[in-house]
Amino acid sequence: MIDRFGLLLVVLGFCVAVASCGGGSKYEELVFPETGEAEMLYVTGEDEILPNAFKMEVADSMIVMAGPLDNRWIHVYHRDKGRPLAHYLPNGSGPDEVIASFEFRQNPTGTEVFDLATGQVKCFNNDWHCVSSLAPDLSKDSLVVKKLHFLQDGRTLFEINTDLSHSRQGFTIMRDGCRGNVYLDSPVDDEPEDNACMLDRHCVAFSPDGLKFASATLEGFILETFDIDNLDIKKRSVRMFYPYESVERDGFIGYSDRNVKGVVSMTGSDRYIVASFNGTVDGMAPTDITVWDWEGNPIRRYALDVIVLAMDLSPDNPDVIYALVQRRNEETRIAKITCPGLLD
């Protein structure tokens with residue numbers, strides 16, 4: 001089986017940043033006012049093979065994940081017993097198939113998915129037959145779509161570049177063919193043409209009300225938060241904790257082994273951002289559960305001894321996270337993680 005964290009680095013590193021961070025940026029000391037211990041209970045057995053998932057959604061009785069497993073891309077598990085309930089969406093290039101999908105949005109009439117390989121958004125009915133397919137095209141605005149994230153109210157956040165050379169990276173939001181502003185401000189550089197550290201290795205999370213989102217880097221650690229006004233994006237805060245450095249190897253720009261690793265996965269409540277945070281130079285080190293407010297202030301940190309690769313908050317217990325986790329050299333498992341006072 002493909003190593004789960006290795007696949008994470010491949011997918012999130014689709015387009016490598018081409019320069020290192022500017023040296024004049026201000027980085028602050030990272031201190032959590034509160035610390036504690038998380039309690040973890042495995043939901044799935046050690047013999048259960050799970051998808052290499054990057055997105056997880058938790059409902060009343062189910063966990064839904066997107067990722068490759070047994071020639072399928074959407075997988076449903078019982079929330080508390082961990083048993084597989086269904087596997088949907090075959091791998092392939094046919095009308096009812098996708099080649100690579102890690103992003104989905106559920107609604108009463110079916111499910112929308114984004115095929116990363118073809119750039120198409122496919123809408124499936126509840127019988128998993130494709131009823132429409134559209135490849136978002138922002139080329140008329142000289143924008144190149146890298147990835148997208150579905151909001152639950154029909155809006156879609158696009159991660160974009162201003163050209164194929166990936167010289168500028170940012171965000172824009174669309175709904176029903178209408179587009180908001182294009183946000184291109186760099187968190188580290190004053191020159192608009194040099195967006196050196198809007199890194200490809202980052203996580204994005206939204207507040208449930210759809211009014212805020214956050215972007216946190218994996219290489220180094222920069223946490224940005226944004227307000228969403230209908231379709232327009234406005235900067236809320238930029239917090240810079242660990243610098244990022246790139247190196248050239250064999251003619252290619254890559255990431256330095258000296259970089260502190262930041263956030264691996266992230267989710268949000270209306271008051272807080274919850275993230276799995278590494279904080280070391282070892283990309284396979286366990287990640288703690290951390291809580292931040294929407295101004296980017298660190299609130300609390302819970303020690304954990306696994307890597308949290310994907311997560312979602314429990315819909316009925318504010319102290320609980322359901323997560324896809326992995327220990328070094330072990331298979332991934334679904335776990336229930338309890339953090340007392342998580343969202344207090």
Just by modelled atom types, is the [Y] backbone N or O under 3.5 Å from a matching donor or acceptor in the [X] side chain?
X	Y	answer
S276	S265	yes
N259	E245	yes
R236	A214	no
T225	W294	yes
Y302	E39	no
R155	G210	yes

Pair [X]-[Y], side-chain donor/acceptor within less than 3.5 Å:
X	Y	result
R239	N297	yes
H202	E159	yes
D137	S139	yes
Y322	D80	yes

[atom1]-[atom2] distance between [X] and [Y], expressed to the nearest 0.5 angstrom:
X	Y	atom1	atom2	result
I173	C178	CD1	SG	13.0 Å
R327	I307	CZ	CD1	10.5 Å
I337	Y42	CD1	OH	9.5 Å
N329	Q326	CG	CD	8.5 Å
M240	I222	CE	CD1	4.5 Å

For [X] versus [Y], what's the shortest heavy-atom pair and its separation?
X	Y	value
V325	A335	CG2-CB, 3.9 Å
L304	P286	O-CB, 3.5 Å
C339	I321	SG-CD1, 4.5 Å
I273	D293	CD1-O, 3.8 Å

Does the ring centre of F171 sit less than 6.0 Å away from the ring centre of F213?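 Between F171 and F213, which both carry aromatic rings, the centre distance is below 6.0 Å.
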More than 12 heavy atoms from other groups under 6.0 Å of [atom1] on [X]:
X	atom1	result
R258	CZ	no
E34	CD	yes
D176	CG	no
D316	CG	yes

Would you call [X] and [Y] a side-chain contact if the rule is heavy atoms closer than 4.5 Å?
X	Y	value
M56	I63	yes
L116	V98	no
F226	S215	yes
F150	V113	no
Y183	K235	yes
S314	R79	yes
K122	L89	no
Q152	E57	yes

D250: which residues meet the side-chain hydrogen bond (donor to acceptor under 3.5 Å, both in side chains) condition with it, sequence neighbours left out? none
Electrostatic pair [X]-[Y], nearest N-O below 4.0 angstrom:
X	Y	answer
K261	E219	yes
R72	D70	no
K234	D227	no

Any chance you could lay out the salt bridge (charged side-chain N to carboxylate O under 4.0 Å, His left out) test for K55 and E103, step after step, and finish with the verdict? CA-CA 7 Å; K55 180 171 182 177; E103 179 66 30; 2.9 Å; yes
Ring-plane angle category for F277 and Y242, please: parallel below 30°, perpendicular beyond 60°, tilted otherwise.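 Parallel.
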Scan for ring-ring contact (aromatic ring centres under 6.0 Å, His included) pairs involving residues 57-76, sequence neighbours excluded, and state none if there are none. W73-F102, H75-H87
Do you reckon Y272 sits in the same ILVMFWY cluster as I228, going by side-chain contacts under 4.5 Å, direct or chained? no
